[in-house]
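Okay, so here's the structure we're looking at.
For clarity, every value in this text was computed on a predicted model and none was experimentally measured. Heavy atoms only: backbone and side chains are in, while hydrogens, waters and symmetry mates are out.
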Amino acid sequence: MGAVTDDEVIRKRLLIDGDGAGDDRRINVLLKSFTKWCSSGSPEDGFTQYQRMLGTLAQCEFSMGKTLLVYDMNLREMENYEKIYTDIEQSITSAHEKISECKKEIMRAKRIRKNRQEYDALAKVIQQHPDRHETLKQLEALDKELQQLSHIKENVEDKLELRKKQFHVLLSTIQELQQTLDNDEKSENEESQESPMDN
């Protein structure tokens, strides 16, 4: 039961003290100074106690202002992390969409290549006909189309490789950000565990 009582006392003290800056001690000092000021016999003692109370009040106000600043900073940090998380989610979604588009382009290029092979087979049949002039024209047109298709295929493959690299960089950035967040959380936990020991 004694250990439980000690835990409750420590917990209540941390709740009252805030971040462990000694606010509860300052308030107790302020109350004692006020009591001494009320019971002071001479004006000199009263003035001294009055100056002490003003100093203690200034310390309490400064500590409160510092706590509010830290609170505001934490809120801004949370908003910043939420914005970064949203941006990363949007980037991942965009990367998936681009990869899907590249896959469709590859399928289109494969279909075009298959058609080109069928055209080549048809051209071989046409070459057996006596009209060689027309057949040569068709072959030239097919060669041009083949070059265009080859160029399209190279562009699509280059674009797909670029998207893969971009997606890899994006995943690496996410992992680094997650590691940073984990380290921050770990540091905060360690600091929060060390604070009760300092008291």
Side-chain angles (χ1 to χ4, degrees), residues 1-102 162-199:
M1 292 297 291
V4 175
T5 304
D6 292 341
D7 290 341
E8 291 177 355
V9 169
I10 292 173
R11 188 179 299 108
K12 288 181 180 178
R13 182 160 185 171
L14 286 175
L15 289 174
I16 295 173
D17 193 23
D19 59 353
D23 294 338
D24 58 338
R25 186 181 62 80
R26 291 192 189 99
I27 293 173
N28 290 332
V29 170
L30 180 62
L31 290 174
K32 291 179 182 178
S33 299
F34 180 75
T35 304
K36 289 181 180 179
W37 179 68
C38 291
S39 61
S40 61
S42 63
E44 292 80 8
D45 291 340
F47 182 75
T48 302
Q49 293 299 328
Y50 176 72
Q51 292 297 324
R52 288 179 181 174
M53 284 192 297
L54 289 180
T56 305
L57 278 174
Q59 290 178 353
C60 291
E61 289 176 354
F62 175 77
S63 178
M64 182 180 69
K66 184 178 71 171
T67 302
L68 289 175
L69 289 175
V70 171
Y71 176 74
D72 291 339
M73 182 192 69
N74 288 335
L75 287 180
R76 287 194 297 271
E77 280 295 315
M78 287 179 62
E79 292 175 357
N80 186 38
Y81 285 140
E82 288 177 359
K83 183 178 180 299
I84 291 174
Y85 179 78
T86 303
D87 292 341
I88 290 173
E89 286 291 328
Q90 292 176 352
S91 299
I92 291 175
T93 302
S94 177
H96 281 301
E97 290 176 354
K98 290 177 181 178
I99 289 173
S100 179
E101 291 176 1
C102 289
L162 177 61
R163 294 296 183 265
K164 287 181 179 179
K165 291 179 180 178
Q166 291 174 344
F167 188 70
H168 177 71
V169 171
L170 179 62
L171 290 179
S172 299
T173 304
I174 292 172
Q175 291 176 354
E176 291 176 0
L177 178 60
Q178 184 63 46
Q179 184 65 34
T180 302
L181 292 174
D182 292 342
N183 291 339
D184 290 345
E185 183 178 355
K186 182 178 179 183
S187 298
E188 291 176 0
N189 291 336
E190 290 176 355
E191 290 176 1
S192 65
Q193 291 176 0
E194 292 175 0
S195 297
M197 295 177 63
D198 295 339
N199 289 335

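Counting only heavy atoms from C-beta outward, the side chains of Val169 and Lys165 never approach each other to under 4.5 Å. Taking 4.5 Å as the limit, every side-chain heavy atom of Tyr85 sits out of range of all side-chain heavy atoms of Leu181.
Here the CD1 atom belonging to Ile84 is positioned 12.0 Å from the CD1 atom belonging to Ile174, to the nearest 0.5 angstrom. Put simply, NZ on Lys98 and CD on Gln166 are 6.0 Å apart, with the number rounded to the nearest 0.5 Å. Separation of atoms CD1 (Ile88) and OG1 (Thr93) is listed at 11.5 Å; rounding is to 0.5 Å. Remark: Gln179 CD to Asn183 CG distance equals 4.5 Å, nearest 0.5 Å. Put simply, CE on Met64 and CG on Leu57 are 10.5 Å apart, with the number rounded to the nearest 0.5 Å. One distance of note links CD of Gln175 with OG1 of Thr180; it measures 11.5 Å at 0.5 Å rounding.
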*asked:* Run Ser100 and His96 through side-chain contact (heavy atoms from CB on, under 4.5 Å) and show every step you take.
replied: CA-CA 6 Å; Ser100 179; His96 281 301; over 6 Å; no
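Between Lys186 and Asp182, none of the side-chain N atoms (NZ, or NE/NH1/NH2) sits under 4.0 Å from a carboxylate O, so this pair counts as no salt bridge.
With Lys83 as reference, Asp87 is the one residue of Asn80, Asp87, Thr86 to meet the side-chain hydrogen bond (donor to acceptor under 3.5 Å, both in side chains) rule.
Here the side chain of Ser172 pairs a donor or acceptor atom with the backbone of His168 at under 3.5 angstrom.
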